Amino acid sequence: MVAKKIILVNGSVRRNKTSYSFARTIKALSEKRDSNADIINAIDYFKGKSSLEDLEELINNCHIIGFIAPVYVDTLPYPTIWFLEELSKKYGEELKGKGTFAIGQCGFPEIRFCQSVLDACRSFAEDHNMTWLGGLGYGGGAMLDGALLEDLGKKGEKMILAFDYAIDNILKGEKIPAKSQELLTVKIPKILYWPLALYLNYKSRKISLQMGATNIEEKPYI
Amino acid sequence: MDWVILDGSSKDNISARRVTDLLTRNLENKKITYNYFDLEDMNILACTGCGSCGSKTPGRCGFEDEIPSIIKAIANSKGIILLTPITFGGYSSLLKKAVDKFTLIGLPLYTVKNGNLLHPMRYGYHNLIGVGVGKDTTEGQKQAFKLLIERNALNMQSPHHKAITISLNNKSAEAENEIMDLVKEVSAW
Ligand SMILES: Cc1cc2nc3c(=O)[nH]c(=O)nc-3n(C[C@H](O)[C@H](O)[C@H](O)COP(=O)(O)O)c2cc1C
């Protein structure tokens, strides 16, 4: 396999959490195959800590760009959309022909809630004549809270395997296989949603009290 | 006020602003009241995902910006109209800076409705309308925009929701008709 250069865009506003954890696993899996992956944080460009001008060389030299982002109110976070808009304006031409893929992860245990994140990245690829290599969704990213996948036992092993299959195809310029999504899908029977909701409510109320709030259901704006 | 309009188009996007004008004019003709927010002029900080609004200061963002005026208007409205140039099949960053803060209208609690695990809402349930404006928007991106509105409506458990996409290639009469139909439909909600 020809070694590839990949840019992995961490699309979270939080630099070291779940999106980053996924990105670092994908970086390691790429490097295991003698490819090179750089992780960049969309938030650093948004905040002006990194300059978009400095991306020129990285973009010109890369073969593939991967977006790994959380779901914020059903789609990409504001700073990540801003980052894509800026990439479009500055590097629209340079992006042409490069491969791209996306991984969306959300709080609720439902992969379908990641669909609009994947749609946004696919549309970005379409706007710039990039080659769409597919997308993956993960439901339950909030519970991971940035944990390293190798520390998650059997569950983590399954996730790493899912990304391993995905990156294997991506580096060959092929679409992410369906078995990656199957491995990444946590199947919680719907019957467990109520007990889960009650447990999460108990936890939320407890944390809020510990933080000194007396009424979690307060309506400050009426 | 009946509706809150969040305009995520910039003032130099003349075609999108024409749709804004069409919409407000048609609402006024039907005597439907609205609160209009021109997001380009507003200082709304990016959500940092700190979680304060859920636990420490329920319903309030820990950072000071102009979002409280929008949340106040939403709390007292029957619904939200999101206006945006269709951007990568979804919202412009201008619109999304306000939409990310919709977490302030949700509770950090959970409920189950029709088999979906969801957050109950802090200020009751609001209707949702999405108006996406685009030039050469592909069919796939139009569908993506509609799905996003559907997902937001599910998240907010909106009693009614509707998404329309207006092509800027359309003759102005077509855009006018689409907006008129929309306003006619929502006036019954
Ligand atoms: C402002 C905000 C909005 C969110 N909206 C959603 C949502 O609509 N659906 C969902 O399932 N999770 C939602 N989440 C949860 C995040 O997607 C989840 O916590 C994710 O794992 C965060 O990724 P990160 O650790 O990389 O920052 C939201 C979180 C925040 C802070």
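Owing to the predicted nature of the structure, the values given are computational and were not obtained by experimental measurement. All chains are named by letter (A, B, ...) in the order of the sequence lines, taking the proteins before the strands, and each is independently numbered beginning at 1.
- Here the side chain of B:Ser55 pairs no donor or acceptor atom with the backbone of A:Ser208 at under 3.5 angstrom.
- In terms of non-hydrogen atom pairs under 4.5 Å with chain B, the most contact-rich of A:Ile207, A:Asp74, A:Ile81 is A:Asp74.
- More than 12 heavy atoms of other residues, nucleotides or ligands sit less than 6.0 Å from atom CD1 of A:Ile222.
- The 12-atom threshold is exceeded at CE of B:Met42, counting heavy atoms of other residues, nucleotides or ligands nearer than 6.0 Å.
- Only the side chain of B:Thr87 comes within less than 4.5 Å of a heavy atom of chain A; its backbone N, CA, C and O stay farther away.
- Taking the six-membered ring where tryptophan is involved, the planes of B:His119 and A:Phe108 are tilted, since the angle between them lies from 30° to 60°.
- Of the listed residues A:Ile43, A:Val73, A:Leu198, A:Asn215, the one with more heavy-atom pairs under 4.5 angstrom with chain B than any other is A:Val73.
- Side-chain contact between B:Phe88 and A:Ser88: present, with at least one pair of heavy atoms (C-beta onward) separated by less than 4.5 Å.
- Contact of B:Leu109 with chain A is made through backbone and side chain together, with heavy-atom distances under 4.5 Å.
- With a 4.5 angstrom heavy-atom cutoff, A:Tyr202 does not touch chain B via any of its atoms.
- Taking chain B as the reference chain and counting heavy-atom pairs below 4.5 Å, the highest number among A:Lys47, A:Arg112, A:Lys190, A:Gln115 is found for A:Arg112.
- Side-chain N or O atoms of B:Lys72 include none that pairs as donor or acceptor with a backbone N or O of A:Tyr221 at under 3.5 Å.
- The number of heavy atoms from other shown groups lying within 6.0 Å of NZ (B:Lys11) is above 12.
- B:Lys96 places a side-chain N or O within 3.5 Å of a backbone atom of A:Leu76 that can act as its donor or acceptor partner.
- Summarising the local packing, NZ of A:Lys206 is surrounded by 12 or fewer heavy atoms from other residues, nucleotides or ligands at distances under 6.0 Å.
- Within residues 58-70 of chain B, the residues having any heavy atom under 4.5 Å from a heavy atom of chain A are, by residue number, B:Pro58, B:Gly59, B:Arg60, B:Pro68.
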Could you go step by step and tell me if A:Val13 and B:Cys47 meet the side chain to side chain contact (heavy atoms under 4.5 Å, CB included) rule? CA-CA 8 Å; A:Val13 301; B:Cys47 169; 5.8 Å; no
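- Separation of atoms OH (A:Tyr193) and NZ (B:Lys113) is listed at 16.0 Å; rounding is to 0.5 Å.
- Residue with the most contacts toward chain B among A:Glu110, A:Lys203, A:Arg14, A:Glu85: A:Glu85 (heavy-atom pairs, distance under 4.5 Å).
- In terms of heavy-atom pairs under 4.5 Å with chain A, the best-connected choice from B:Gly90, B:Ser52, B:Gly115, B:Gly106 is B:Gly115.
- Counting heavy-atom pairs under 4.5 Å between each of B:Ala75, B:Gly49, B:Gly54, B:Ala144 and chain A puts B:Gly49 at the top.
- No donor-acceptor pair closer than 3.5 Å links the side chain of B:Asp100 to the backbone N or O of A:Pro77.
- With a threshold of 4.5 angstrom between heavy atoms, A:Pro70 does not approach chain B through any atom at all.
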Any chance you could lay out the side chain to side chain contact (heavy atoms under 4.5 Å, CB included) test for A:Trp194 and B:Thr111, step after step, and finish with the verdict? CA-CA 7 Å; A:Trp194 265 118; B:Thr111 185; 3.7 Å; yes
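- In terms of heavy-atom pairs under 4.5 Å with chain B, the best-connected choice from A:Ser116, A:Pro79, A:Gly212, A:Ser12 is A:Ser116.
- Residues of residues 124-137 of chain A that come closer than 4.5 Å to chain B, counting heavy atoms only, are A:Phe124, A:Glu126, A:Asp127, ordered by residue number.
- Residues A:Phe113 and B:Leu117 share a closest heavy-atom pair of CE1-O, 4.4 Å.
- Residue B:Lys146 qualifies as enclosed at atom NZ: its count of foreign heavy atoms under 6.0 Å is above 12.
- Although no hydrogens or angles enter the test, the distance criterion places a donor-acceptor pair under 3.5 Å between the side chain of A:Asn201 and the main chain of B:Tyr110.
- Considering only heavy-atom pairs separated by less than 4.5 Å from chain A, the leading option among B:Cys50, B:Pro108, B:Gly89 is B:Pro108.
- Chain A is approached within less than 4.5 Å, heavy atom to heavy atom, by B:Arg151, B:Asn152, B:Leu154, B:Asn155 from residues 151-158 of chain B, ordered by number.
- Side-chain atoms of B:Ile105 and A:Lys219, non-hydrogen and from C-beta on, never get closer than 4.5 Å to each other.
- Qualifying ring pair (Phe, Tyr, Trp, His ring centres under 6.0 Å) partners for B:Trp189, counting only residues two or more places apart in sequence or in other chains: B:His160.
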Step by step, would you call A:Ile216 with B:Leu107 a side chain to side chain contact (heavy atoms under 4.5 Å, CB included)? CA-CA 8 Å; A:Ile216 202 172; B:Leu107 288 170; 5.7 Å; no
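- The contact between B:Ser92 and chain A is made by backbone and side chain atoms together, counting heavy-atom distances below 4.5 Å.
- In B:Asn114, the CG atom is not crowded: 12 or fewer heavy atoms of neighbouring residues, nucleotides or ligands sit closer than 6.0 Å.
- Smallest separation of non-hydrogen atoms from A:Tyr78 and B:Ser93: CD1-O, 3.2 Å.
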